[in-house]
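Given the structure is predicted, the values throughout are model-derived calculations rather than measurements. For the numbers below, each heavy atom of this structure counts, side chains included, while hydrogens, waters and symmetry mates do not.
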Amino acid sequence: SSLSSSSAASDVYKRQPFQDYDSIPSSFVSGCDTEDLDLSPLTKVTVIHDRVIHRYSRLSKLDLSHFNNVTTIGSQFGAECPTLTTVDLSPLHKVTSVGDGFFGLCCGLTTMDMSPM
């Protein structure tokens, strides 16, 4: 099952359980003001579209341990998150394509584990 970035996306999002998503649409959870983000139910995701986890003003740690099936990451993933300090990308071992601006302008980022990516 897929969640598109169309106008009907919000209706699908409300009806469909998180664990069934195989993709995350553009701008999903973008521009949020939260310290905690739990995407752990999204274990079947293979494609992350543009501007996902983008412009978070208070997020400090990003746990992607459940994204073992991701092959494609769109542009601006994790970008413009000034308080983000720690990211573990090690589960993303199947990724073959990453868009522009990957964690761009994350001036507070001090720890990024990319092995075996």
Side-chain angles (χ1 to χ4, degrees):
S1 153
S2 181
L3 181 60
S4 71
S5 56
S6 70
S7 60
S10 61
D11 291 335
V12 172
Y13 172 75
K14 292 174 187 172
R15 293 189 318 260
Q16 188 174 356
F18 275 124
Q19 62 269 20
D20 292 338
Y21 294 168
D22 59 12
S23 70
I24 301 176
S26 294
S27 300
F28 185 76
V29 296
S30 183
C32 295
D33 182 28
T34 184
E35 294 176 17
D36 188 39
L37 176 62
D38 182 12
L39 297 175
S40 60
L42 300 172
T43 57
K44 293 182 182 178
V45 169
T46 58
V47 176
I48 299 172
H49 292 280
D50 299 339
R51 295 175 310 281
V52 172
I53 310 171
H54 179 246
R55 291 188 177 169
Y56 263 71
S57 60
R58 297 189 309 153
L59 188 65
S60 63
K61 183 178 179 182
L62 188 55
D63 177 13
L64 301 175
S65 60
H66 45 279
F67 282 169
N68 293 317
N69 296 311
V70 173
T71 59
T72 305
I73 299 175
S75 65
Q76 303 298 312
F77 179 79
E80 298 182 47
C81 298
T83 58
L84 189 60
T85 60
T86 306
V87 179
D88 181 5
L89 300 174
S90 59
L92 301 178
H93 59 277
K94 294 181 182 176
V95 172
T96 58
S97 176
V98 176
D100 297 335
F102 187 70
F103 290 101
L105 301 175
C106 290
C107 53
L109 197 56
T110 58
T111 305
M112 182 180 278
D113 183 358
M114 297 180 74
S115 58
M117 195 174 160

Are D33 and R58 close enough for a salt bridge, meaning some N to O gap below 4.0 Å?
yes

Any link between V47 and F28 through a network of hydrophobic side chains (Ile, Leu, Val, Met, Phe, Trp, Tyr) touching at under 4.5 Å?
no

Could you check whether the rings of F102 and F77 sit parallel, tilted or perpendicular, using 30° and 60° as the cut-offs?
parallel

Smallest separation among heavy atoms of Q76 and H54, with atom names
O-CD2, 3.6 Å

Can you tell me if T72 uses its side chain to pair, donor with acceptor, with the backbone of S97 under 3.5 Å?
no

Spatial distance of atom CG (D36) from atom OG (S60) [nearest 0.5 Å]
8.5 Å

Given 3.5 Å as the limit, does a donor-acceptor pair link the side chain of H66 with the main chain of L64, or not?
no

Please check if the side chain of Y21 supplies one atom and the backbone of P41 the other of a donor-acceptor pair under 3.5 Å.
no

N/O donor-acceptor pair under 3.5 Å between T71 side chain and T46 backbone:
yes

Interatomic distance, CG@L39 vs CG@D63, rounded to 0.5 Å, equals 9.0 Å

So, D50 side chain and S26 main chain: donor-acceptor pair closer than 3.5 Å or not?
no

N68, CG: over 12 other non-hydrogen atoms inside 6.0 angstrom:
yes

Only one of L92, L89, I73 passes side-chain contact (heavy atoms from CB on, under 4.5 Å) with F67, and that residue is L92

Heavy-atom closest contact (G78 atom, C106 atom, distance)
O-SG, 3.0 Å

In Å and rounded to the nearest 0.5 Å, what is the OG to NE2 distance from S75 to H49?
11.5 Å

Single hit among V87, T83, T85 for side-chain contact (heavy atoms from CB on, under 4.5 Å) with L109
V87

How long is the straight-line distance from CG of L37 back to CD1 of I53, given to the nearest 0.5 Å?
5.5 Å

Ignoring hydrogens, what is the shortest heavy-atom contact between S65 and P91? Give both atom names and the distance.
CA-CG, 3.4 Å

L84 side, atom CG; L105 side, atom CG - distance, nearest 0.5 Å
12.5 Å

Nearest heavy-atom neighbours spanning Y56 and P82:
O-CD, 3.4 Å

For K44 and N69, does a side-chain donor sit closer than 3.5 Å to a side-chain acceptor?
no

Out of curiosity, E35 CD to L59 CG, how far, rounded to the nearest 0.5 Å?
9.0 Å

